[in-house]
Undergrad: 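Starting off with a structure, shown below.
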Amino acid sequence: MSQPIKKAVIVRLLSTIQHPNAAAETFDMKTTGELTIKGAQPYLVYEEVQDEKAIKTTVKLNSESALIIRSGGVKMRLPFFKGELQTGSYDSGYGTMMITTNTKQLHFKDGHFRVEYELLMNEEVVGTYTLELTYTEAK
C-alpha cells in the first residue's frame, strides 16, 4: 500500500452565511494547511482562530460528497451529499446537538471546493451557507 502524499498548501476560505431575516455575512480568511492524499482521496487540514480559540478543520474532499470535521475550540461534524439530507453534530460545550445539512450544490476540482447548503436544527432552516475553499501549493 502506498504512503499518503502530503503537501503544504496556502488555503483561502470564503464563506457567506445568510440567516433568516438578516443581512448576509461574509468571511474571507487565508491560512496555511496541509493537503494529504490517501489513495485517491484528498484531505485538507488547516487551523483557524475564532474568539481566541484554535480550531482544527479537516475537509474530506470529493465531487459527490464531502465531510467537514472541526475540533478544538469548536467541535462539529458536517457531512454533505448532493441532493440528500445528512445528519451531523455540533458540540456547544453544553451538549451535542444534531444538525442536518441540505446540500444544494457541491463542486470539487483542481484545488477548488465549493459547497452551498442549508443548515437545519429541529427541522427548521437556521441559515444558508456557501463555503468556498481554494488551495495552492506553498512555495
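A quick note: this is a predicted structure, and the numbers were derived from the prediction, not measured.
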Undergrad: Just how far is it from atom CD of Glu118 to atom OG1 of Thr128, taken to the nearest 0.5 Å?
TA: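 The CD atom of Glu118 sits 5.0 Å away from the OG1 atom of Thr128.
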Undergrad: Just wondering, do Thr100 and Leu119 contact through their side chains at under 4.5 Å, heavy atoms?
TA: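 Not in contact.
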Undergrad: Examine Ile69 and Met98 and state if one hydrophobic cluster contains both, with Ile, Leu, Val, Met, Phe, Trp and Tyr joined whenever side-chain heavy atoms are less than 4.5 Å apart.
TA: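 No.
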Undergrad: As an exercise, state the distance from CD of Gln18 to OG1 of Thr26, rounded to the nearest 0.5 Å.
TA: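 It is 9.5 Å, given to the nearest 0.5 Å.
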Undergrad: Could you give me the CA-CA distance, side-chain angles and deciding distance for Tyr43 and Ile37, then say whether side-chain contact (heavy atoms from CB on, under 4.5 Å) is met?
TA: CA-CA 6 Å; Tyr43 293 86; Ile37 299 167; over 6 Å; no
Undergrad: Kindly work out whether a path of hydrophobic side-chain contacts (I/L/V/M/F/W/Y, heavy atoms less than 4.5 Å apart) joins Leu13 to Ile17.
TA: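 The answer is yes; both residues are in one hydrophobic cluster.
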Undergrad: Quick one: does Val126's side chain get under 4.5 Å of Leu120's, heavy atoms only?
TA: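 Counting from C-beta outward, Val126 and Leu120 never come under 4.5 Å.
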Undergrad: Write down the atom of Leu35, the atom of Pro42, and the distance for their closest heavy-atom approach.
TA: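 Smallest interatomic distance, heavy atoms only, reads CD1-CB, 4.2 Å.
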Undergrad: Rounded to the nearest 0.5 Å, what's the gap from CD on Glu47 to CD on Glu34? Could you check?
TA: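 Rounded to the nearest 0.5 Å, the CD-CD separation comes out at 11.5 Å.
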Undergrad: Would a single hydrophobic cluster contain both Val49 and Ile55, if residues Ile, Leu, Val, Met, Phe, Trp and Tyr are joined by side-chain heavy-atom contacts under 4.5 Å?
TA: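 Result: no, two separate clusters.
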Undergrad: Rounded at 0.5 Å granularity, tell me how far CZ in Phe27 sits from CG in Leu14.
TA: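 The CZ atom of Phe27 sits 11.0 Å away from the CG atom of Leu14.
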Undergrad: Side-chain heavy atoms nearer than 4.5 Å, only ILVMFWY residues, links allowed to pass through others: does that put Val45 and Val115 together?
TA: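 No; Val115 is not reachable from Val45 via cluster members.
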Undergrad: Pair Met121, Met97 - check side-chain contact (heavy atoms from CB on, under 4.5 Å), show working.
TA: CA-CA 8 Å; Met121 285 179 145; Met97 295 182 282; 3.8 Å; yes
Undergrad: Would you check if Tyr129 and His19 make a side-chain contact, meaning some heavy-atom pair closer than 4.5 Å?
TA: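 They are in side-chain contact.
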Undergrad: May I ask you to test the Ser89-Met76 pair for a side-chain heavy-atom distance under 4.5 Å?
TA: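 Heavy-atom side-chain distance check fails, nothing below 4.5 Å.
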Undergrad: Measure from NZ or CZ of Lys56 to the centre of the six-membered ring of Tyr46 and say whether it is under 6.0 Å with the direction within 45° of the ring axis.
TA: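 Verdict for Tyr46: no cation-pi partner in Lys56.
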Undergrad: Any donor-acceptor pair under 3.5 Å linking the side chain of Thr101 with the backbone of Pro79?
TA: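 Looks like yes, one N/O pair under 3.5 Å.
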Undergrad: Under the 3.5 angstrom rule, does the side chain of Asn122 hit a backbone N or O of Glu124 as a donor-acceptor pair?
TA: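 It does not hold such a pair.
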Undergrad: Would you check if the side chain of Asp51 reaches a backbone N or O of Lys53 as a donor-acceptor pair within less than 3.5 Å?
TA: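 Looks like no, no N/O pair under 3.5 Å.
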Undergrad: How far does OG of Ser15 sit from CD of Glu25, to the nearest 0.5 angstrom?
TA: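 That separation rounds to 9.0 Å.
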Undergrad: Counting C-beta onward and ignoring hydrogens, is there a side-chain heavy-atom pair between Arg12 and Asp28 closer than 4.5 Å?
TA: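 Yes - at least one pair of side-chain heavy atoms lies under 4.5 Å apart.
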Undergrad: Does any part of the side chain of Leu67, heavy atoms only, come nearer than 4.5 Å to the side chain of Arg77, both counted from C-beta?
TA: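 With C-beta onward as the side chain, the pair touches.
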Undergrad: Does some side-chain heavy atom of Tyr90 sit less than 4.5 Å from a side-chain heavy atom of Leu78?
TA: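 Contact flag for Leu78/Tyr90 side chains = no.
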Undergrad: Please confirm whether the backbone N or O of Gln105 pairs with a side-chain atom of Thr103, one donor and one acceptor, at under 3.5 Å?
TA: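 Between the backbone of Gln105 and the side chain of Thr103 there is no qualifying donor-acceptor contact (under 3.5 Å).
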Undergrad: Show the nearest heavy-atom pair for residues Ser63 and Leu106, with the distance to one decimal.
TA: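 Smallest interatomic distance, heavy atoms only, reads O-CD2, 3.8 Å.
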Undergrad: If Ile, Leu, Val, Met, Phe, Trp and Tyr residues are connected whenever their side-chain heavy atoms lie under 4.5 Å apart, and connections chain through other members, are Leu61 and Phe81 in the same group?
TA: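 No, no single cluster joins them.
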Undergrad: For Arg114, enumerate each residue passing the salt bridge (Lys or Arg N to Asp or Glu O under 4.0 Å) test, keeping only those at least two apart in sequence or located in another chain.
TA: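 For Arg114, the residues satisfying salt bridge (Lys or Arg N to Asp or Glu O under 4.0 Å) (neighbours in sequence not counted) are Glu116, Glu132.
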Undergrad: For side-chain contact (heavy atoms from CB on, under 4.5 Å), just list the numbers for Leu131 and Ile68, CA-CA rounded to whole Å, side-chain angles, deciding distance to a tenth of an Å, and then say yes or no.
TA: CA-CA 11 Å; Leu131 176 65; Ile68 297 177; 3.4 Å; yes
Undergrad: So do Lys60 and Gln41 actually touch side chain to side chain, heavy atoms under 4.5 Å?
TA: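 They are in contact (side-chain heavy atoms under 4.5 Å apart), so the answer is yes.
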Undergrad: Start with the C-alpha distance between Leu44 and Leu133, add both sets of side-chain angles, then the distance that settles side-chain contact (heavy atoms from CB on, under 4.5 Å), and finish with yes or no.
TA: CA-CA 10 Å; Leu44 183 63; Leu133 277 173; 4.0 Å; yes
